[in-house]
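Position 1 is the first residue of the sequence, and the numbers go up from there. Note that these values count all heavy atoms, side chains included, but never hydrogens, waters or copies made by symmetry. Keep in mind that this is a model prediction, so the values were computed, not measured.
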Amino acid sequence: MPENLLKGKVGIITGALDENSIAWKTALKVKEQGGKFVLTNAPIAMRMGAIKELAEECNTIVIPADATLVEDIEKLYAEAKEFLGSDFDFLLHSIGMSPNIRKGRSYGDLNYDWAMKSYDVSAISFHKMMHVAEKMDVMKEWGSIIGLSYIAAQRVYPFYTDMADAKALLESIARGYGYRLGKLKKVRVNTISQSPTKTTAGTGIGGFDSFFNFAEALSPLGNASAEACADYIVTLFSDFTRMVTMQNLFHDGGYSFTGISEEIMDKFKDL
């Protein structure tokens with residue numbers, strides 16, 4: 001990858017929990033490419049992870065914020081702007097959580113209060129972050145906003161339960177706000193539908209290992225790693241992708257457009 005793709009650019013990266021997370025690897029890649037940023041996560045998530053170690057490595061600060069609370073986002077943007085010295089070129093929304101999945105509730109037995117929490121944390125927070133960014137006018141022209149999604153927004157994966165609905169909502173919000181921010185300030189908004197990835201959140205989903213292996217066997221390029229996703233995010237933050245907006249971009253080694261593979265067929269030929 002060319003050097004200094006993000007030289008002079010500044011922004012905010014949410015959701016870095018530990019070294020396995022896509023947001024964590026994105027932070028390292030952004031620093032490597034000359035970008036500056038602040039890190040943020042919900043206070044409860046910060047107690048679970050090691051985000052302060054990442055901040056030290058990247059010569060930045062951590063600003064605690066609950067992305068479901070507008071007042072927290074306002075505080076985050078004000079403090080980040082003061083630290084970075086300018087408005088923002090990029091935002092990464094890497095936030096997702098389902099109490100129903102954590103507690104083993106099936107799609108036919110959802111706790112609806114928990115489901116609403118899933119939608120608020122995993123999707124509506126994306127809308128709130130862009131709403132506050134618009135209201136405070138903190139995005140620079142030709143900025144880039146990315147949310148992390150999953151193909152369960154389009155196809156049925158029974159183990160993904162209410163998170164599938166949350167991701168569908170996330171992608172719809174990206175289109176709606178992509179149009180709005182594009183018209184206002186040429187800011188682009190996209191989501192990335194990533195391969196199953198061995199992050200702390202991903203491996204907490206029932207049946208993850210089996211599905212990870214299935215996707216690896218189906219994808220002609222194999223599963224995309226968290227580090228590869230971070231590389232992709234860097235290109236979407238860069239000026240080389242200025243005309244890409246309102247898209248859900250599949251970063252999955254070809255999985256999303258492969259019907260069957262020889263490896264999968266071999267497992268069934270003698271049945």
Side-chain angles (χ1 to χ4, degrees), residues 10-17 21 23 26-27 37-49 51 55 60-100 112-141 143-149 153 162-163 165-192 201 237 245-246:
V10 303
I12 297 174
I13 295 175
T14 72
L17 182 64
S21 70
T26 299
F37 52 87
V38 300
L39 296 164
T40 185
N41 213 330
I44 188 170
M46 288 178 60
R47 293 197 295 271
M48 296 166 55
I51 192 171
T60 189
I61 61 172
V62 183
I63 302 174
D66 182 341
T68 68
L69 301 175
V70 167
E71 56 269 29
D72 272 26
I73 301 171
E74 291 172 339
K75 179 176 177 289
L76 166 66
Y77 288 171
E79 293 184 11
K81 183 173 177 178
E82 182 178 1
F83 176 80
L84 295 168
S86 76
D87 291 333
F88 314 133
D89 297 286
F90 59 85
L91 297 175
L92 175 64
H93 180 279
S94 179
I95 303 170
M97 184 275 293
S98 168
N100 280 296
Y112 289 115
D113 290 334
W114 295 350
M116 293 303 295
K117 185 67 174 177
S118 297
Y119 307 149
D120 194 21
V121 171
S122 307
I124 298 173
S125 63
F126 194 39
H127 190 286
K128 290 176 181 177
M129 286 184 68
M130 290 186 282
H131 167 72
V132 176
E134 177 189 351
K135 182 175 67 174
M136 294 179 67
D137 193 23
V138 293
M139 289 299 296
K140 295 179 186 175
E141 287 198 349
S144 177
I145 300 174
I146 301 292
L148 296 182
S149 190
D162 59 347
M163 276 297 291
D165 301 332
K167 294 302 188 184
L169 178 55
L170 180 86
E171 292 178 15
S172 179
I173 289 168
R175 291 187 292 271
Y177 241 115
Y179 178 83
R180 183 173 182 83
L181 292 180
K183 296 288 283 188
L184 286 171
K185 296 196 74 173
K186 304 297 183 185
V187 172
R188 57 205 191 270
V189 182
N190 295 288
T191 55
I192 296 174
F237 284 165
T245 195
M246 301 166 62

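Under the salt bridge (charged side-chain N to carboxylate O under 4.0 Å, His left out) criterion, Asp120 pairs with Lys128, not counting sequence neighbours. Residues passing the side chain to side chain contact (heavy atoms under 4.5 Å, CB included) test with Ser118, sequence neighbours excluded: Ser98, Pro99, Asp162. Qualifying side-chain hydrogen bond (donor to acceptor under 3.5 Å, both in side chains) partners for Asn190, counting only residues two or more places apart in sequence or in other chains: none. Partners of Ser149 under the side chain to side chain contact (heavy atoms under 4.5 Å, CB included) rule, at least two apart in sequence or in another chain, are Ala153, Lys167, Leu170, Glu171, Thr191, Asn248. Every residue meeting the side-chain hydrogen bond (donor to acceptor under 3.5 Å, both in side chains) condition with Ser125, not counting sequence neighbours, appears here in chain and number order: His93. Judged as a side-chain hydrogen bond (donor to acceptor under 3.5 Å, both in side chains), and not counting sequence neighbours, the contacts of Lys75 are Glu79. Residues satisfying the salt bridge (charged side-chain N to carboxylate O under 4.0 Å, His left out) criterion with Lys135, sequence neighbours excluded, are Glu74. Looking at residues two or more places apart in sequence or on another chain, you find a side chain to side chain contact (heavy atoms under 4.5 Å, CB included) between Glu141 and Lys185. Partners of Ala65 according to the side chain to side chain contact (heavy atoms under 4.5 Å, CB included) rule, which considers only residues two or more places apart in sequence or in another chain, are Thr40, Asp72, Leu76. By the side-chain hydrogen bond (donor to acceptor under 3.5 Å, both in side chains) test, Thr68 is found to be paired with Asp66, residues two or more places apart in sequence or in another chain being considered. Remark: Tyr77 engages Phe88 in a ring pair (Phe, Tyr, Trp, His ring centres under 6.0 Å) (not counting sequence neighbours).
Of all non-hydrogen atoms in Ser86 and Val10, the two that sit nearest each other are OG-CG2, 3.3 Å. Shortest non-hydrogen contact noted between Ser122 and Met163 is OG-SD, 3.4 Å. Contact detail for Lys140 and Asp87: the closest heavy-atom pair is CE-O, 3.1 Å. Here the closest heavy-atom approach between residue Ile73 and residue Ala67 is recorded as CD1-O, 3.4 Å. When all heavy atoms of Ala27 and Leu39 are compared, the closest pair comes out as CB-CD2, 4.1 Å. The minimum heavy-atom distance between Gly15 and Ala23, with the atom names listed, is C-CB, 3.7 Å.
A distance of 9.5 Å separates CG in Asn100 from OH in Tyr112, rounded to the nearest 0.5 Å. Atoms CZ and CZ, from Arg188 and Phe237 in turn, are 9.5 Å apart once rounded to the nearest 0.5 Å. His131 NE2 to Leu181 CG: the interatomic distance, rounded to the nearest 0.5 Å, is 11.5 Å. If you take CD1 on Ile95 and CD1 on Ile124, they are separated by 13.0 Å, rounding to the nearest 0.5 Å. With rounding to the nearest 0.5 Å, the separation of CE in Met246 from OG in Ser172 is 10.0 Å.
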Leu184 vs Met139, side chain to side chain contact (heavy atoms under 4.5 Å, CB included): CA-CA, chis, key distance, verdict: CA-CA 10 Å; Leu184 286 171; Met139 289 299 296; over 6 Å; no

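Here the rule is side chain to side chain contact (heavy atoms under 4.5 Å, CB included) with Ile12, and of Val38, Ile63, Ile145 only Val38 fits it. The side chain to side chain contact (heavy atoms under 4.5 Å, CB included) test with Ile13 is passed by exactly one of Ile146, Asn41, Thr26: Thr26.
Annotation for Glu71: atom CD counts as buried by contact number, over 12 foreign heavy atoms lying within 6.0 Å.
Of the possible polar contacts, none joining the Thr60 side chain to the Ala55 backbone as a donor-acceptor pair under 3.5 Å is found.
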Show me the donor-acceptor pairs within less than 3.5 Å that the side chains of residues 173-180 make with the rest of the protein, sequence neighbours left out.
unit_1: Tyr177; atom_1: OH; unit_2: Glu134; atom_2: OE1; d: 2.7
unit_1: Arg180; atom_1: NE; unit_2: Glu134; atom_2: OE1; d: 2.8
unit_1: Arg180; atom_1: NE; unit_2: Glu134; atom_2: OE2; d: 3.0
unit_1: Arg180; atom_1: NH2; unit_2: Glu134; atom_2: OE2; d: 2.9

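Taking 4.5 Å as the limit, every side-chain heavy atom of Phe126 sits out of range of all side-chain heavy atoms of Leu169.
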